[in-house]
Amino acid sequence: MKTNMEIAVIFDEIADILEFKGDNPFKIKAYRSAARTIGSLTQDLQHVAKRGELTKIPGIGAAISKKIEEIIRTGKLRLHEELKKSIPEGLLEMLKIPGLGVKTVSKIYEHFGISSVEDLERLAKERRLRKLPGLGPKVEERILKGIEQYKRQKGVILLWRALPLAERLLEELKQVSGVQKAAVAGDIRRMKDIVSGIDILVAADKPEDLFKAFSRLGSVENLNLDGEGGAASAVVAGVPVRLKIAPLESFSAALLTLTGSEAHVNSLKALASAAGMKLNERGLFKVEGGVERRVRGKTEEEIYERLGLCYVPPELREGRNEVKAAAEGKLPRLLELLEVRGDLHVHTSWSDGARSIEDMALSAVGLGYEYVAICDHSKSTAGGLSEEELRRQIAEVEEVNERFERRGLHFRVLAGVEVDIKEDGKLVLGDDVLSELDVVVAAVHSKFSLDAKAMTRRIAAAMENEHVSIIAHLTGRLLGKREPYAVDIDAIMEKARETGTILELNAYPNRLDLNDEHCRLAKEYGVKIAISTDAHDATQLQFMSFGVAIARRGWLEAKDVVNTLPLKELLKVI
DNA sequence: GCCGTTTTCGGCCCGACTGTTTTCAGTCG
């Protein structure tokens with residue numbers, strides 16, 4: 001069984017290899033776009049294939065759909081295997097270094113005959129790369145920095161990659177005979193943006209059967225069994241999976257301790273000990289005269305209750321004062337996905353999105369939303385809009401709204417834009433056209449390498465613009481790919497409070513920007529948050545759940561988040 | 001390899017940025 005991501009990687013590698021071979025650039029682009037679409041698909045490709053609807057996915061035609069079917073059927077793709085044999089292994093890895101593309105890697109390979117990141121690093125350190133025509137000291141330096149970054153982010157596992165895999169493994173394990181209960185634990189359960197792997201806890205009669213079943217699951221590698229400890233570990237689809245078996249009576253305590261975090265669990269243990277009890281993965285016990293007696297604790301809720309605490313949702317279990325708050329009954333009533341009433345940042349085919357305004361709006365209707373804000377790029381970024389084009393788009397938004405009204409749909413498409421903030425803090429679109437919009441989202445898309453002072457001044461200047469309601473993806477990070485740019489978060493929070501600017505929590509799962517701690521800080525400052533998906537396709541509206549997870553980790557409640565407001569009140573705020 | 005209200009061939013986004021050049025190539029979004 002291959003995940004969407006694994007299938008996407010295969011097509012991406014095919015594109016890379018074809019590019020090395022100088023194949024038709026448009027064919028290469030087709031493979032790349034297919035890979036990107038598959039990678040960000042929210043439904044499992046196997047299901048789509050089963051329904052025979054692969055070619056309905058934009059960018060997937062007859063040839064690629066056949067290849068997807070081959071991968072699903074056989075676990076691999078012949079073409080891919082053959083292509084991989086045709087070039088030195090390390091070249092593909094070299095491509096993953098940011099700032100390095102096929103052209104430069106080819107040039108280096110042809111001249112030096114090297115094909116590994118290690119050799120590349122050595123050459124750069126020996127200052128030999130700069131001897132090649134077209135390369136110089138700056139590029140050499142950039143490559144070294146890129147290698148450093150690549151090494152740092154190499155093993156990073158993103159929540160949105162691990163979560164679907166975890167859910168699928170859980171479903172498969174639940175089918176095994178003798179399994180009484182099973183749950184995902186660990187940092188995935190706490191919904192960390194980056195996770196260490198997948199932890200699954202199972203209560204089972206016959207551990208041997210479970211282990212056997214586990215070893216037979218698709219693409220399990222490096223299986224490691226610890227029969228006595230009731231544990232097994234393996235690598236599935238490149239992700240470490242840790243399986244733990246517990247007796248049914250200990251399930252909740254085991255789930256609690258396995259969910260962590262360590263800091264949170266340690267606080268609970270200390271609390272238990274202070275109350276003459278003992279908490280470990282086997283259960284909660286009363287200790288009297290050296291004798292341990294199990295305290296009733298069938299559920300996690302009961303364990304917390306016995307410790308004199310309100311239930312602490314997994315997202316809060318980070319050792320950030322949540323135990324104290326739970327003791328005082330001061331935990332926030334965390335935001336729920338169902339409280340979200342709209343999405344304030346989505347793209348359409350007017351810029352680099354895949355769908356029309358109406359398509360995106362109808363999908364938002366399907367999610368039960370009351371509104372969606374169309375915020376395409378402004379000129380200078382990703383096929384963005386000029387003033388004139390934006391005015392035409394506003395007109396189309398109005399048409400869609402009129403059509404909806406005639407059909408009796410209580411839904412509003414908001415006219416917006418994601419306007420670029422220039423280096424000097426000015427916006428690339430004039431105030432005239434911005435004043436005609438319902439919502440203006442401003443964002444940095446260039447000159448990422450400014451120092452913190454300049455970047456902060458730049459963003460703060462944009463916040464001063466009276467038309468700007470929201471600042472998008474504040475730090476510009478791309479998880480596993482690009483570090484956040486330097487910016488003084490406190491100064492931005494201060495400026496946001498002063499100007500009443502809303503900060504976006506970008507829910508696109510490789511951004512999640514603001515992060516959880518920024519959210520909590522915003523709340524302290526009294527700065528409001530908009531959770532927006534930045535969807536570039538209709539299915540990506542579902543990324544909202546990742547944004548809500550991060551908001552919950554940041555202690556946010558519905559009242560902290562503007563897109564929980566009904567339309568009328570929202571309009572006042574934006 | 002994909003796509004089609006110009007539909008089975010022929011076109012497929014393009015500008016910003018950077019570093020290298022001295023008018024351009026490579027990478028990125």
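Proteins come first, then strands; the chains are lettered A, B, ... in the order of their sequence lines, and each starts at number 1. Everything numeric here is computed off the predicted structure, so don't read it as measured data.
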Check your understanding: Which value, in whole Å, describes the distance between the P atoms of nucleotides dC28(B) and dT20(B)?
Key -> 16 Å
Point to revise | Verdict with reasoning, Lys528(A) to Thr501(A), per side-chain contact (heavy atoms from CB on, under 4.5 Å) | key: CA-CA 8 Å; Lys528(A) 296 294 179 206; Thr501(A) 310; over 6 Å; no
Check your understanding: Taking atom P in both dT22(B) and dA16(B), what distance in whole Å separates the two?
Key -> 24 Å
Point to revise | Nearest-Å distance once atom C1' is located in both dC13(B) and dC2(B) | key: 15 Å
Practice item. Check the surroundings of atom OH in Tyr150(A): do more than 12 heavy atoms from other residues, nucleotides or ligands lie under 6.0 Å from it? Key: yes
Point to revise | Closest heavy-atom pair and its distance - Ala373(A), Val439(A) | key: CB-CG1, 3.7 Å
Check your understanding: Counting only N and O atoms by type, is there a donor-acceptor contact under 3.5 Å from the side chain of Asn4(A) to the main-chain atoms of Leu45(A)?
Key -> yes
Practice item. Go through the structure and list residues passing side chain to side chain contact (heavy atoms under 4.5 Å, CB included) with Ala491(A), not counting sequence neighbours. Key: Thr456(A), Asp488(A)
Exercise for review: Fit a plane to each ring of Phe546(A) and Trp160(A), take the angle between them on a 0 to 90° scale, and name the class: parallel (under 30°), tilted (30 to 60°) or perpendicular (over 60°).
Suggested key: perpendicular
Exercise for review: Using whole Å, report how far NZ of Lys29(A) lies from P of dC14(B).
Suggested key: 9 Å
Practice item. Could you let me know what dT8(B) is paired to, Watson-Crick or G-U wobble, both distances under 3.5 Å, or none if it's on its own? Key: none
Point to revise | P spacing across the pair dT5(B) / dG1(B), given as an integer number of angstrom | key: 23 Å
Point to revise | Given Asp534(A), Thr475(A), Asp513(A), the one that forms side chain to side chain donor-acceptor pair (under 3.5 Å) with Asn506(A) | key: Asp534(A)
Point to revise | side-chain N/O Arg142(A) vs dT27(B) OP1/OP2, d < 4.0 Å | key: no
Review point. Going by number, which of residues 16-26 of chain A have a non-hydrogen atom under 4.0 Å from DNA chain B?
Key: Asn24(A), Phe26(A)
Practice item. Quick one: list whatever passes salt bridge (charged side-chain N to carboxylate O under 4.0 Å, His left out) with Asp376(A), sequence neighbours left out. Key: none
Exercise for review: Can you tell me the distance, in whole Å, between the NE2 atom of His536(A) and the P atom of dC13(B)?
Suggested key: 16 Å
Study note, to complete from the structure: To the nearest angstrom, the NZ-P distance between Lys145(A) and dT27(B) comes to 18 Å
Practice item. Please state the P separation for the pair dT18(B) and dC12(B) - nearest whole angstrom. Key: 29 Å
Check your understanding: Would you say the side-chain atoms of His377(A) and Asp420(A) include a donor-acceptor pair closer than 3.5 Å?
Key -> no
Review point. Is a side-chain donor or acceptor of Asn401(A) paired with a backbone partner of Val413(A) at a separation under 3.5 angstrom?
Key: yes
Exercise for review: Mark yes or no for whether Glu6(A), through its side chain, and Thr3(A), through its backbone, hold a donor-acceptor pair below 3.5 Å.
Suggested key: yes
Study note, to complete from the structure: Per the under-4.0 Å heavy-atom filter, residues of residues 92-100 of chain A near DNA chain B come out as Pro98(A), Gly99(A), Leu100(A)
Study note, to complete from the structure: The complete set of salt bridge (charged side-chain N to carboxylate O under 4.0 Å, His left out) pairs with one or both residues in residues 445-457 of chain A, sequence neighbours excluded, reads Glu423(A)-Lys447(A)
Point to revise | Inter- and intrachain pairs under salt bridge (charged side-chain N to carboxylate O under 4.0 Å, His left out), touching residues 90-112 of chain A, at least two apart | key: Glu93(A)-Lys154(A)
Practice item. Among residues two or more places apart or on two chains, list those pairs meeting ring pair (Phe, Tyr, Trp, His ring centres under 6.0 Å) that have a residue in residues 49-93 of chain A. Key: none
Practice item. May I ask you to verify if any side-chain N or O of Lys447(A) is less than 4.0 angstrom from the OP1 or OP2 atom of dT18(B)? Key: yes
Exercise for review: Using whole Å, report how far NE2 of His445(A) lies from C1' of dT27(B).
Suggested key: 17 Å
Check your understanding: dT23(B) and dG15(B): how far apart are their P atoms, nearest whole angstrom?
Key -> 22 Å
Review point. OP1, OP2 of dC17(B) versus side-chain N and O of Ser446(A): anything below 4.0 Å?
Key: yes
Check your understanding: Whole Å only: how far is the CZ atom of Arg482(A) from the C1' atom of dT27(B)?
Key -> 13 Å
Report all interatomic pairs (protein N or O, nucleotide N or O of nucleotides 21-25 of chain B) with separations under 3.5 Å.
none

Exercise for review: Starting from P on dG29(B), measure out to CG on Asp534(A) and report it in whole angstrom.
Suggested key: 14 Å
**Study point:** Strand-adjacent residues in residues 66-85 of chain A, judged by heavy atoms under 4.0 Å from DNA chain B
**Key:** Lys67(A)
Review point. Which residue pairs pass the ring pair (Phe, Tyr, Trp, His ring centres under 6.0 Å) test with at least one member in residues 446-487 of chain A, sequence neighbours excluded?
Key: His445(A)-His473(A), Phe448(A)-Tyr485(A)
Practice item. Measure from the side-chain heavy atoms of Thr104(A) and tell me the nearest of dG1(B), dG29(B), dT27(B). Key: dT27(B)
Exercise for review: For dA25(B) versus dG11(B), give the span between their P atoms, rounded off to a whole number of Å.
Suggested key: 24 Å
Revision key, fill the gap. Taking every heavy atom of Ile64(A) against every heavy atom of Gly59(A), the minimum-distance pair comes out as CD1-O, 4.4 Å
Practice item. Would you kindly give the CG-to-P distance between Leu54(A) and dG1(B), to the nearest whole Å? Key: 16 Å
Point to revise | Base-contact (B) and sugar-phosphate-only (S) positions in nucleotides 2-7 of chain B, heavy-atom cut-off under 4.0 Å, - elsewhere | key: SS----
Study note, to complete from the structure: Whole-Å distance, Lys27(A) NZ to dG10(B) C1', equals 16 Å
Practice item. Sort and list the pairs that fulfil salt bridge (charged side-chain N to carboxylate O under 4.0 Å, His left out) and have at least one residue in residues 17-30 of chain A, not counting sequence neighbours. Key: Glu19(A)-Arg32(A), Asp23(A)-Lys27(A)
Check your understanding: Given the C1' atoms of dC9(B) and dC14(B), what is the spacing between them in whole Å?
Key -> 24 Å
Check your understanding: Contact class for Arg32(A) (heavy atom, under 4.0 Å): base, sugar-phosphate, or nothing?
Key -> nothing
**Study point:** Test log, rule salt bridge (Lys or Arg N to Asp or Glu O under 4.0 Å), inputs Arg391(A) and Glu436(A)
**Key:** CA-CA 8 Å; Arg391(A) 287 204 167 89; Glu436(A) 295 167 32; 2.9 Å; yes
